[in-house]
Number of protein chains: 2
Amino acid sequence: MKLSTKGRYGVSAMYDLAVHHGQGPISLKSVALRQGISEHYLEQLMGTLRKAGYVKSVRGAQGGYTLTRQPAEITVGDIIRIMEGPTAPVDCLLADAENNKYCVRAGHCVTRGVWAKVRDSIDAVLDSITLADLAKEDKS
Amino acid sequence: MKLSTKGRYGVSAMYDLAVHHGQGPISLKSVALRQGISEHYLEQLMGTLRKAGYVKSVRGAQGGYTLTRQPAEITVGDIIRIMEGPTAPVDCLLADAENNKYCVRAGHCVTRGVWAKVRDSIDAVLDSITLADLAKEDKS
DNA sequence: ATAATTCCTATCGCATTACTCGGAAAAGCG
DNA sequence: CGCTTTTCCGAGTAATGCGATAGGAATTAT
């Protein structure tokens, strides 16, 4: 049940952008430095966030990244789901046909209900916390 | 945030033992068959559960495994923690000195509080469900 | 004795993670 | 214009863990 660095770094980076929101493009280099993340690795993660529409970028000198929405409108859950995929602890909870092969036993699977409750409680926590909440308790 | 098969199979196997609790030793073979798990792989998982004191084994013909406590006294959380390790989504939440190296930033880490809340909500769900609860809604 | 069963150690292919590397393309600045 | 800063992109890579499989030793009911 571990989170990978994708999720952790993603949230840290987005938190950093939230703290500096409204100050123009923030360079990846400065984010990486403040958050203690490998610059080159963070580059890949920001690509994911950009393609998902959560940040926009400005290339060239004095360029960088900015949030596309207000910090209060982006939850930690949004970021985790983009960086790590669905929060469901087991694949058989996923709705798409692709995964039904994993769930021939779905009809008589007693544990399935347990995992659904876990997923829901994780989502409830992650979706209740916005970047604005985190930026407010700024300890950087 | 995925659960591995260790946790899933572990819960399934323990659920199976709970359903047949009081019927003497249950062979690994029959558990594997009913739950759709590789017999040889399950063997390793049962070893972990045995060493943790949750099941006891009888060797030889007509042997097998039995729960060491009543189904109502074993929670899904117990099993998951044995099979998968701590439910903390990030290592920096672990108390032991071994992991402090990962947390030089602990003092000013805003995201840490988020992960603690996630862990607590996962634990609350998993610790609230016992094997007796699962056995009650037997769909096998 | 034999068959059934747990126990133990080792190995293995595969996927993922967490990077690193090298360079192309864009844009501000002198 | 040319230089530097910065994003963008694809490849490569070492280490790790997962989900088994393999083979056999030890134990015990029948």
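Keep in mind that what you see is a predicted model, and the values were worked out from it rather than measured. Convention: sequence-line order gives letters A, B, ...; per-chain numbering from 1.
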Worksheet item: Between Gly64(A) and Pro25(A), what is the shortest heavy-atom contact and its length?
Response: N-CB, 3.6 Å
Practice prompt. Take the protein atom NZ of Lys51(A) and the nucleotide atom C1' of dG10(D), then report the distance between them rounded to whole Å.
Written response: 10 Å
Worksheet item: So, the side chain of Glu84(A) versus the backbone of Ser4(A): is there a donor-acceptor pair under 3.5 Å, distance only?
Response: yes
Item to complete: Return no unless some side-chain N or O of Arg50(B) is found under 4.0 Å from OP1 or OP2 of dT6(C).
Response: no
Practice prompt. Could you check how far CG of Leu45(B) sits from C1' of dA20(D), rounded to whole Å?
Written response: 10 Å
Worksheet item: Are OP1 or OP2 of dT5(D) and a side-chain N or O of Ser27(A) less than 4.0 angstrom apart?
Response: no
Worksheet item: Within the pair Tyr9(B) and dG19(D), is there a side-chain N or O less than 4.0 Å away from OP1 or OP2?
Response: no
Worksheet entry | Given dT7(D), dT5(C), dT5(D), the nucleotide with the shortest approach to the side chain of Lys29(B) | dT5(C)
Worksheet item: Is the shortest side-chain N/O distance from Tyr41(A) to OP1 or OP2 of dT13(D) below 4.0 Å?
Response: no
Worksheet item: How would you label the contact of Gly47(B) with the nucleic acid (heavy atoms, under 4.0 Å): base, sugar-phosphate, or nothing?
Response: nothing
Item to complete: Check whether the side chain of Gln44(A) and the base of dT7(D) form a donor-acceptor pair under 3.5 Å.
Response: no
Worksheet item: dG22(C) base to His40(A) side chain: any donor-acceptor pair below 3.5 Å?
Response: yes
Discussion item. Expressed as a whole number of angstroms, how long is the span from Leu28(B):CG to dA20(D):P?
Written reply: 14 Å
Worksheet item: What is the minimum heavy-atom distance between Pro71(B) and His21(B), and which atoms define it?
Response: CD-CD2, 3.5 Å
Discussion item. Quick check on dC18(D): is either OP1 or OP2 less than 4.0 Å from any side-chain nitrogen or oxygen of Thr5(B)?
Written reply: no
Practice prompt. Identify the heavy atoms of Asp127(A) and Thr75(A) that sit nearest to each other, and give their distance.
Written response: O-CG2, 3.5 Å
Discussion item. Reading DNA chain D from 5' onward, which residue's closest nucleotide shows up sooner: Leu3(B) or Gln62(B)?
Written reply: Leu3(B)
Item to complete: Return the value, rounded to whole Å, for the distance between atom CD1 of Ile26(A) and atom P of dT7(D).
Response: 11 Å
Practice prompt. Ignoring backbone atoms, establish whether Lys6(A) has a side-chain N or O less than 4.0 Å from OP1 or OP2 of dA18(C).
Written response: no
Practice prompt. Considering just the side-chain nitrogens and oxygens of Ser4(B), establish if one lies under 4.0 Å of OP1 or OP2 belonging to dG19(D).
Written response: yes
Item to complete: Taking only the side-chain nitrogens and oxygens of Arg8(B), find out if one of them lies under 4.0 Å from OP1 or OP2 of dC18(D).
Response: no
Response to the item:
Between Thr68(A) and Lys56(A) the two heavy atoms that sit nearest each other are CG2-N, 3.7 Å
Practice prompt. Could you check how far CG of Leu33(A) sits from C1' of dT6(D), rounded to whole Å?
Written response: 15 Å
Item to complete: Test for a donor-acceptor pair under 3.5 Å between the base of dC8(C) and the side chain of Glu43(B), counting only N and O atoms.
Response: yes
Discussion item. Without decimals, in angstroms, what is the distance between Asp91(A) CG and dG19(D) C1'?
Written reply: 14 Å
Discussion item. Is it the case that dT27(D) (base atoms only) and Arg59(B) (side chain only) share a donor and an acceptor within less than 3.5 Å, ignoring hydrogens and angles?
Written reply: no
Worksheet item: So, are Asp91(B) and Arg8(A) salt-bridged, with charged N and O less than 4.0 Å apart?
Response: no
Worksheet item: Within this structure, what is the CE-to-P distance between Met83(A) and dC19(C), rounded to whole angstrom?
Response: 13 Å
Worksheet item: Is a donor-acceptor contact shorter than 3.5 angstrom present between the side chain of Glu39(A) and the base of dT20(C)?
Response: no
Practice prompt. Verify the contact: side-chain N or O of Ser38(A) to OP1 or OP2 of dT20(C), cut-off strictly under 4.0 Å; return yes or no.
Written response: yes
Worksheet item: Whole Å only: how far is the CG atom of Leu42(B) from the P atom of dT21(D)?
Response: 12 Å
